[in-house]
Amino acid sequence: MDLTRRKVLAIGSGTLAFASLTGLPAYASLADEAISALTGGANIGDGVISLTAPEIAENGNTVPIGVDAPGATQITLFADGNPVPNVATFNFGPLSASRSASTRIRLAPTQNVIAVAKMEDGSFQMAKAEVKVTIGGCGG
Amino acid sequence: MASGVKPRVKVPKTAAAGETITIKTLISHKMESGQRKDDDGNIIPRSIINRFTADFNGQNVIDVTLEPAISTNPFFEFEAVVPESGEFTFTWYDDDGDVYDTSKKITVS
């Protein structure tokens, strides 16, 4: 195999691209990993999904969160600053009326709450809200 | 956490056929996250309710997977359609294998 200048350059840029790809997961947060595990790397758009969260939560132990996504079959909540980013998954059955739900969650520090909805056509939608936490809800 | 667990559910007693109703559920449970430590620095083992389901006459309304980030005394509010008279059954599944359930009748007029 004779190495021309052009071939050497092609090999070089190929390995460089590979190196930068493998370097990525170290910087991605746990929440991003959890979200891509859910979606399988599919594109996530904005849309009809809406997330209701307080701007400031005085007590991180009980933060009221509401989520509403018409046409969703499943909604998953994430908190990107918690030790475990997954919060809850709502699966809606045939008798569910509005594809919405409210609950109360724990937030450790000030962070983003993320809702990812799986729609009926298999696409994904995401909504994000920042909640400032005065007293963290992780105990310890 | 088999003692002192008490489910409470709020469902209207009557509804029109096909009407959308709001259901609120609460169950008393400490939801130990597995992140906290006791006075000696030992981690308190995780003990939470990991699944909640609501069904109406055998058809599913909502099926929730809970993680440790759900607060003490898990509360859920959601909406359901009632096609006919019947009974809602609510079930909570504990980490230790216990299952708590309660049911509410609703009359369609």
Side-chain angles (χ1 to χ4, degrees), chain A residues 30-31 34 38 52-53 57 59-70 72-109 111-115 118 131 133 136-140, chain B residues 15 17-27 29-39 41-44 46 48-84 86-89 106:
Chain A
L30 286 168
L38 173 77
T52 314
N59 182 358
N61 263 318
T62 49
V63 184
I65 299 288
V67 66
D68 183 16
T73 58
Q74 185 189 62
I75 301 177
T76 309
L77 291 176
F78 298 96
D80 68 0
N82 275 5
V84 180
N86 295 54
V87 174
T89 306
F90 300 99
N91 294 293
F92 296 102
L95 287 182
S96 171
S98 60
R99 315 290 154 150
S100 68
S102 313
T103 186
R104 295 173 189 153
I105 71 171
R106 291 183 178 128
L107 296 176
Q111 58 181 298
N112 291 316
V113 176
I114 301 160
K118 187 181 184 187
V131 180
V133 178
C138 245
Chain B
E19 191 187 335
T20 296
I21 59 162
T22 302
I23 298 173
K24 294 178 183 179
T25 71
L26 184 82
I27 187 164
H29 195 284
K30 61 183 175 178
M31 295 292 278
E32 191 58 61
S33 67
Q35 300 283 341
R36 297 199 308 153
K37 290 174 180 167
D38 62 13
D39 293 341
N42 303 315
I43 286 176
I44 306 172
R46 176 184 132 154
I48 66 165
I49 288 174
N50 55 44
R51 186 170 168 226
F52 164 70
T53 60
D55 297 273
F56 180 73
N57 287 354
Q59 275 200 292
N60 184 249
V61 178
I62 197 167
D63 185 338
V64 188
T65 309
L66 287 74
E67 304 286 344
I70 297 290
S71 300
T72 306
N73 302 340
F75 161 83
F76 291 106
E77 180 178 342
F78 52 92
E79 292 182 330
V81 183
V82 268
E84 73 260 335
E87 195 174 55
F88 279 101
T89 48
I106 186 165

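Please read these numbers as outputs of a predicted model, since none were measured by experiment. Residue numbers start from 1 in every chain, and the chains themselves are labelled A, B, ... in the order their sequence lines are given, proteins ahead of strands.
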Cut-off 4.5 Å, heavy atoms of chain A, and the answer for B:L66 is backbone

Which bit of B:P83 is near chain A, if near means a heavy-atom gap under 4.5 Å: side chain, backbone, both or neither? side chain

Just do the side-chain contact (heavy atoms from CB on, under 4.5 Å) check on A:N91 and B:I62 with the steps written out, would you? CA-CA 6 Å; A:N91 294 293; B:I62 197 167; over 6 Å; no

Donor-acceptor pair, A:T103 side chain versus B:F75 backbone, under 3.5 Å? yes

So, the side chain of B:T65 versus the backbone of A:A88: is there a donor-acceptor pair under 3.5 Å, distance only? no

Quick one about A:R104 and B:T72 (side-chain donor to acceptor, distance below 3.5 Å, no hydrogens or angles considered), yes or no? no

Tell me, side chain or backbone of A:A101 under 4.5 Å from chain B's heavy atoms, or both, or neither? both

Determine whether B:F78 and A:F90 satisfy the following criterion, side-chain contact (heavy atoms from CB on, under 4.5 Å), listing intermediate values before the conclusion. CA-CA 10 Å; B:F78 52 92; A:F90 300 99; over 6 Å; no

Residues of residues 49-59 of chain B with any heavy atom under 4.5 Å of a heavy atom in chain A: B:F56, B:Q59

Hey, are the side chains of A:V84 and B:Q35 touching, using non-hydrogen atoms and a 4.5 Å cut-off? yes

Closest contact, heavy atoms only, B:S71 versus A:T62: OG-CA, 3.4 Å

Of the non-hydrogen atoms in A:N82 and B:A69, which two are nearest, and what is the gap between them? ND2-CB, 3.7 Å

To the nearest 0.5 Å, what is the distance between CE on B:M31 and CG on A:N61? 12.0 Å

Taken to the nearest 0.5 Å, the spacing of B:T20 OG1 from A:L95 CG works out to 10.5 Å

What residue, out of A:S102, A:P94, A:S96, has the most heavy-atom pairs lying under 4.5 Å from chain B? A:S102

For each of B:I43, B:V64, B:I23, B:N73, tally heavy-atom pairs with chain A at distances under 4.5 Å, and name the one with the top tally. B:V64

Any idea which of B:V81, B:V82, B:I21 has the most non-hydrogen atom pairs under 4.5 angstrom with chain A? B:V81

